[in-house]
Amino acid sequence: MTSTNKTALGLADTFAVALVCEMIGRGVPTFLVPKAGDALAGHPAWDHGLALLDEIPHVTLLRGATSSGLPGWRRVADALPG
């Protein structure tokens with residue numbers, strides 16, 4: 001949850017988040033697979049961060065990743081635009 005919300009707010013305090021924030025700022029099409037445990041995903045900040053990212057036209061979110069694991073590569077590939 002932390003990296004997702006930091007990305008949504010532009011808080012680039014780690015290399016990975018800074019890189020994603022820079023790509024978003026440059027308008028590079030960016031594909032994100034947000035992941036959080038069930039308890040953290042239940043916090044209101046999670047939905048707020050996802051809503052902020054949803055507002056960015058060149059960001060694609062693949063939702064549904066929870067503590068049970070990330071989606072398989074086939075699902076990720078199928079969700080890519082184009």
Side-chain angles (χ1 to χ4, degrees):
M1 176 171 105
T2 302
S3 295
T4 301
N5 285 337
K6 286 181 179 182
T7 300
L9 297 172
L11 301 174
D13 65 342
T14 66
F15 177 76
V17 174
L19 187 61
V20 173
C21 288
E22 282 189 23
M23 295 304 103
I24 291 171
R26 292 178 185 270
V28 174
T30 306
F31 189 79
L32 301 173
V33 183
K35 181 181 184 306
D38 294 334
L40 288 175
H43 190 283
W46 177 251
D47 288 332
H48 179 68
L50 294 179
L52 287 172
L53 291 167
D54 268 336
E55 293 176 11
I56 304 168
H58 54 276
V59 170
T60 301
L61 294 179
L62 178 59
R63 297 173 186 245
T66 64
S67 60
S68 60
L70 292 169
W73 284 111
R74 173 55 38 205
R75 182 170 170 226
V76 172
D78 289 344
L80 290 170

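Every value quoted in this text rests on a predicted model; they were computed, and no experiment measured them.
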Next item on the list: Would you check, one step at a time, whether the test side-chain contact (heavy atoms from CB on, under 4.5 Å) holds for L40 with W46?
Entry: CA-CA 7 Å; L40 288 175; W46 177 251; over 6 Å; no
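N5 contributes atom CG, which lies 8.5 Å from atom CG of L52 (distance to the nearest 0.5 angstrom).
Residues A8 and G49 come closest through the heavy atom pair CB-O, 3.4 Å.
Evaluated for a side chain to side chain contact (heavy atoms under 4.5 Å, CB included) with C21, the options V17, I24, L19 yield exactly one hit, V17. A side chain to side chain contact (heavy atoms under 4.5 Å, CB included) with T4 is found for exactly one of L32, L53, L61, namely L53.
Linking ILVMFWY side-chain heavy atoms closer than 4.5 Å, directly or via other members, places F15 and M23 in a single hydrophobic cluster.
Between the side chain of H58 and the backbone N or O of T30 there is no donor-acceptor pair closer than 3.5 Å.
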